[in-house]
Participant: 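After the structure tokens below, expect a handful of questions from me.
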Amino acid sequence: MSPHRIFLSVITALICLQASAGGRFESVSWLPVDKVRKRAKVVLLDKTPSTPTVNIAVKELQKYWDGPEVRLGISASESLPADDGYTIARDADNGVSISSRSALGLLYGTYDLLRNPDFEGTVREKPFYKHRILNHWDNLDGTIERGYAGKSLWRWKELPDRLSPRYQEYARANAAIGINGTVINNVNASPKTLSREYLVKVAALADIFRLYGIRVYLSVNFASPMVLDSLPTADPLDPAVIKWWERKADEIYSLIPDFGGFLVKANSEGQPGPMDFGRSHADGANMLAKALKPHEGIVMWRAFVYSPIDADRAKQAYMEFQPLDGKFDPNVIIQIKNGPIDFQPREPYSPLFGAMPVTDEMAEFQITQEYLGHSNHLAFLAPMWTEFFRYVNPASLKAIAGVTNIGDDANWTGHPLAQANWYAFGRLAWNPALTAREIAGDWITKNLVDISKTPVGVVESLIDMFTTSHEAVVDYMMPLGLHHIFAYGHHYGPEPWCDVPGARADWLPKYYHRADSAGLGFDRSPSGSNAVEQYPEPLRSQLADMSTCPEEFLLWFHHVPWDRRLSSGRTLWEELCLSYQKGCDAVEDYEKVWKEARPYIDPEVYADVRERLATQSRDAKWWRDACLLYFGQYSGMPLPKGVDKPAHSLDYYEKVKLPISNYECPSPKLLDSVR
Ligand code: GCW
């Protein structure tokens with residue numbers, strides 16, 4: 001880095017530290033809170049340079065640490081963990097030493113110490129993944145696709161001259177949980193992002209994030225050379241197009257020397273891509289990869305595509321990408337959504353994982369709750385992600401990305417408890433072996449309640465509430481492997497009946513649930529679309545057979561007769577009804593748990609979550625009643641004992657229409673007015 005850049009970084013650091021001193025925006029729950037009256041003593045051990053990042057570590061400790069002297073030391077010693085890892089140990093005189101091979105490792109160690117002041121023995125940590133990245137689906141006009149926590153944090157009109165203090169808070173919050181990359185714009189990318197005007201703004205953000213070890217990446221529109229500079233084509237094999245991207249990469253790196261690289265959504269949902277020019281995904285990805293290579297940048301090429309062939313939607317990504325194994329440059333990573341369709345409440349893992357042995361792959365999780373009740377519903381997502389890791393070996397992935405749930409709401413995530421999902425993503429990206437219960441316990445006891453004043457029973461109930469909440473949402477929305485029966489467009493409420501003339505068949509619920517008088521579910525066995533053939537043995541055979549397929553995926557892989565007996569001894573219809581009821585009952589229980597926890601919770605957070613749980617409870621019943629009335633037309637069977645009668649007729653539910661866009665969460669008032 002040039003002396004000029006270092007100077008700029010230092011100035012930025014000073015501005016940032018000053019801006020946050022008032023603490024107005026310090027509401028990310030896991031960031032340390034001010035309890036130190038006198039400055040803690042922090043010492044830099046020999047030869048440890050006071051770089052901007054080391055200085056941040058020092059200031060965080062001086063301000064927030066109330067224990068004995070802390071010694072920070074950078075050393076090249078091979079005995080220290082690599083990759084920005086660190087150790088924390090207590091010295092003989094009771095002082096604490098944080099050691100790392102890098103300044104960033106010291107910062108990570110600092111946040112760890114502040115989170116865990118009572119550590120035992122020696123802490124030794126290093127991140128499992130090299131790239132731990134947030135994906136923002138933020139548009140340049142400030143809206144966020146599938147964002148339910150207000151507008152984008154990035155104030156494009158003010159940048160680069162005015163820097164919101166929240167940029168630094170964002171960087172702190174991410175560094176504190178080990179996130180080290182951010183793609184700041186929507187994968188449905190505006191070509192304008194790559195214009196000089198915007199790159200200068202992006203560089204201003206990068207200057208802040210760099211101090212916290214966070215690299216900036218950009219989503220790019222494949223047709224950018226045509227839109228920005230009127231090239232006649234964006235064909236990846238065209239020499240002028242290749243030159244354009246090389247020059248663009250040089251320009252970006254001249255402004256942002258540690259720029260991370262590009263994320264690309266190509267030939268999907270109307271986005272341009274190499275196939276528009278008769279080229280393959282590999283041709284497109286490699287052309288960009290070559291432009292970035294001299295600067296050590298990477299390309300994350302998304303596998304969320306719609307194949308031109310009219311195949312089962314669940315098979316398309318695999319069909320398109322698997323044959324390209326071995327054709328990608330080494331600095332390309334294929335970014336694959338956890339499941340084969342689209343972030344449904346529950347999906348089996350995408351069979352593309354593990355199917356491209358010589359190509360680097362990474363997982364894309366969705367932290368924002370597009371299909372999980374937006375910011376109205378409590379759905380702690382660590383159980384969903386750890387379930388994924390039970391099928392996909394974490395070591396088979398090169399990196400991990402999460403579509404973030406952050407916006408400019410004062411509490412960052414809309415639902416106050418949804419901060420725990422941001423936290424869980426960071427923790428799992430650092431260590432995918434953590435359990436959902438560990439992460440929930442950690443977040444709850446350090447951020448939600450004061451453990452020394454809260455009865456163990458209350459804490460345990462809160463942890464149970466978190467760890468069962470995702471399953472509860474699955475139960476009241478789409479149990480037993482049902483999927484994609486959402487309202488069209490905004491994806492909030494139930495619409496299994498939905499029909500939109502002219503829409504793609506595979507955007508409509510009937511394509512997925514296939515309800516008829518014979519039964520329910522999508523036959524993906526060899527007698528149907530045979531999507532099971534994309535999975536390796538022995539899983540393939542297990543999924544292919546209705547009697548061995550795990551019941552949580554039953555209707556994903558099979559069209560099951562209504563009267564077929566499941567493992568409980570109940571018929572499919574009975575099991576379906578009772579699952580919906582179970583989901584509703586669970587949310588009623590959460591309301592009770594929350595009420596009992598009231599004395600131990602911040603009053604504002606308490607009131608906010610209480611209202612959201614009430615909405616969630618009403619929504620759960622709406623899902624149950626609408627879906628059971630609709631499917632009941634096909635099963636022709638009565639509701640079993642123990643399932644509440646619907647409040648209204650099917651016709652009533654079919655008329656409910658929510659006037660919301662793809663970037664807002666319906667308010668309780670709006671929900672009340674339409675149903
Ligand atoms: O599920 C769909 C979402 C789109 C999103 C797309 C994608 C960014 O409904 O809003 O677009 O996935 O992942 O590209």
Side-chain angles (χ1 to χ4, degrees), residues 133-149 152 182-191 193 217-223 262-273 275 281 284-285 300-307 313-314 316-317 320-321 333-347 350 352 362-375 381 384 400-407 425 477-478 483-493 495 498 500 503-509 511-512 658 660-665:
I133 303 181
L134 288 184
N135 287 185
H136 287 261
W137 286 356
D138 294 22
N139 299 313
L140 299 185
D141 67 2
T143 57
I144 304 178
E145 183 152 350
R146 314 304 178 182
Y148 312 110
S152 173
T182 178
V183 185
I184 59 175
N185 63 318
N186 192 353
V187 286
N188 292 328
S190 164
T193 322
Y217 299 74
L218 288 174
S219 296
V220 297
N221 182 300
F222 202 78
F262 295 146
L263 171 63
V264 192
K265 171 175 177 178
N267 294 113
S268 169
E269 299 184 334
Q271 294 302 311
M275 289 161 103
H281 284 288
M300 294 167 287
W301 191 270
R302 293 176 93 224
F304 179 71
V305 294
Y306 289 78
S307 152
R313 179 82 194 95
Q316 294 179 11
E320 197 82 27
F321 277 85
I333 311 181
I334 305 302
Q335 179 166 318
I336 309 166
K337 290 188 182 183
N338 60 295
I341 291 189
D342 188 12
F343 298 138
Q344 294 304 291
R346 167 170 275 127
E347 296 199 28
S350 166
L352 195 51
M362 63 188 284
E364 177 179 315
F365 293 157
Q366 195 180 43
I367 311 170
T368 190
Q369 292 170 229
E370 173 179 359
Y371 293 102
L372 285 143
H374 297 12
S375 311
L381 299 178
M384 176 163 78
I400 189 149
V403 180
T404 177
N405 59 350
I406 307 168
F425 172 77
M477 284 186 184
M478 278 162 249
H483 49 291
H484 224 306
I485 58 175
F486 290 94
Y488 194 75
H490 55 71
H491 300 156
Y492 188 79
E495 259 182 31
C498 171
V500 177
R504 289 180 64 103
D506 56 11
W507 278 0
L508 296 172
Y511 175 92
Y512 295 99
L658 284 176
I660 54 170
S661 64
N662 292 354
Y663 39 82
E664 54 189 313
C665 183

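Predicted model, so just to flag it, every value in this text is computed and none were measured. FYI, the numbering just counts along the sequence from 1. Every number for a ligand or one of its atoms is a count from 1 in the order of the listing. Side chains included, hydrogens not; waters and symmetry mates left out as well; all remaining heavy atoms used.
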Participant: Quick one: do the E664 and S661 side chains pair a donor with an acceptor below 3.5 Å?
Facilitator: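 E664 vs S661: donor-acceptor pair found between side chains.
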Participant: Report yes or no: does V403 have a heavy atom closer than 4.0 Å to ligand 1?
Facilitator: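 Not so, V403 does not reach ligand 1.
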Participant: Measure from the side-chain N and O atoms of N221 to the backbone N and O of A189, and report whether any donor-acceptor pair falls under 3.5 Å.
Facilitator: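 Yes, N221 side chain to A189 backbone: donor-acceptor pair under 3.5 Å.
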Participant: Heavy-atom distances under 4.0 Å are what count here, so tell me which part of W137 touches ligand 1: side chain, backbone, both or neither.
Facilitator: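 Answer for W137: side chain.
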Participant: Determine whether a donor-acceptor pair (N or O, by modelled atom type, separation under 3.5 Å) exists between the side chain of N139 and the backbone of D141.
Facilitator: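 Not at all, since once roles are kept as given, no pair shorter than 3.5 Å links the two residues.
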Participant: Return the residue, atom name and 0.1 Å-rounded distance of the protein heavy atom closest to atom 2 (C) of ligand 1.
Facilitator: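 Here the closest protein heavy atom is D342 OD2, 3.1 Å.
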Participant: Any sub-3.5 Å donor-acceptor pair from Q344's side-chain atoms to H484's backbone N or O?
Facilitator: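 Yes, because the side chain of Q344 sits within donor-acceptor range (under 3.5 Å) of the backbone of H484.
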Participant: Tell me whether Q271 reaches ligand 1 (any heavy atom closer than 4.0 angstrom to a ligand atom).
Facilitator: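 Contact check Q271 vs ligand 1: negative.
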Participant: Among all protein non-hydrogen atoms, which one is nearest to atom 12 (O) of ligand 1, and what is the separation to 0.1 Å?
Facilitator: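 The answer is K337 NZ, 3.1 Å.
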Participant: Can the ring centroids of F304 and Y306 be said to lie less than 6.0 angstrom from one another?
Facilitator: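 Here the rings of Y306 and F304 have centres that are less than 6.0 Å from each other.
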Participant: If the cut-off is 4.0 Å to any non-hydrogen atom of N186, which atoms of ligand 1 fall inside it?
Facilitator: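 Counting from 1, the qualifying ligand atoms are 8 (C).
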Participant: At what distance is the nearest protein heavy atom to atom 3 (C) of ligand 1, and which residue and atom is it?
Facilitator: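 For this ligand atom, the closest protein heavy atom is E370 OE2, 3.3 Å.
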Participant: Tell me, which protein residue and heavy-atom name are nearest atom 6 (C) of ligand 1, and how many Å apart are they?
Facilitator: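 Ranked first by proximity to atom 6 (C) of ligand 1 is E269 OE1, 3.3 Å.
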Participant: With a 4.0 Å heavy-atom cut-off (strictly under), which part of N662 contacts ligand 1: side chain, backbone, both or neither?
Facilitator: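 Contact part for N662 vs ligand 1: neither.
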Participant: Measure the distances from the heavy atoms of F343 to every atom of ligand 1 and state whether one is below 4.0 angstrom.
Facilitator: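 No, F343 has no heavy atoms under 4.0 Å from ligand 1.
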Participant: How far apart are the closest heavy atoms of H136 and I184, and which atoms are they?
Facilitator: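 For H136 and I184, the tightest heavy-atom pair comes out as CB-O, 3.6 Å.
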Participant: Taking N185 for the side chain and S219 for the main chain, is one N or O donor matched with an acceptor at less than 3.5 Å?
Facilitator: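 Checked: pair present.
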Participant: Think R302 forms a cation-pi with F262, using NZ or CZ under 6.0 Å from the six-ring centre and within 45 degrees of its axis?
Facilitator: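 Judged by the rule, R302 and F262 form no cation-pi pair.
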Participant: Going by the atom numbers of ligand 1, which of them fall below 4.0 Å from some non-hydrogen atom of H491?
Facilitator: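 In order of numbering, the contacting atoms are 9 (O).
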Participant: For atom 14 (O) of ligand 1, what is the closest protein heavy atom, and at what distance to 0.1 Å?
Facilitator: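 Nearest protein contact, heavy atoms only, for atom 14 (O) of ligand 1 is K265 NZ, 2.6 Å.
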Participant: With heavy atoms under 4.0 Å as the rule, classify the contact between Y371 and ligand 1 as side chain, backbone, both or neither.
Facilitator: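 Only the side chain of Y371 comes within reach of ligand 1.
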Participant: Closest non-hydrogen protein atom to atom 10 (O) of ligand 1, residue and atom name please, with distance?
Facilitator: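 Heavy-atom neighbour on the protein nearest atom 10 (O) of ligand 1: E145 OE2, 2.4 Å.
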Participant: So if I count the atoms of ligand 1 from 1 in the order they appear, which ones are less than 4.0 Å from some heavy atom of F304?
Facilitator: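 Listed by number with element, the hits are 6 (C), 7 (C), 12 (O), 13 (O), 14 (O).
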Participant: Short list, please: which atoms of ligand 1 are under 4.0 Å from a heavy atom of V187?
Facilitator: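 The atoms of ligand 1 under 4.0 Å from a heavy atom of V187 are 8 (C), 14 (O).
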Participant: What are the two closest non-hydrogen atoms of Y663 and I144, and how far apart are they?
Facilitator: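 Heavy-atom minimum between the residues: CB-O, 2.5 Å.
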Participant: Would you say the side-chain atoms of E347 pair up with the backbone N or O of D342, donor to acceptor, closer than 3.5 Å?
Facilitator: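 Looks like yes, one N/O pair under 3.5 Å.
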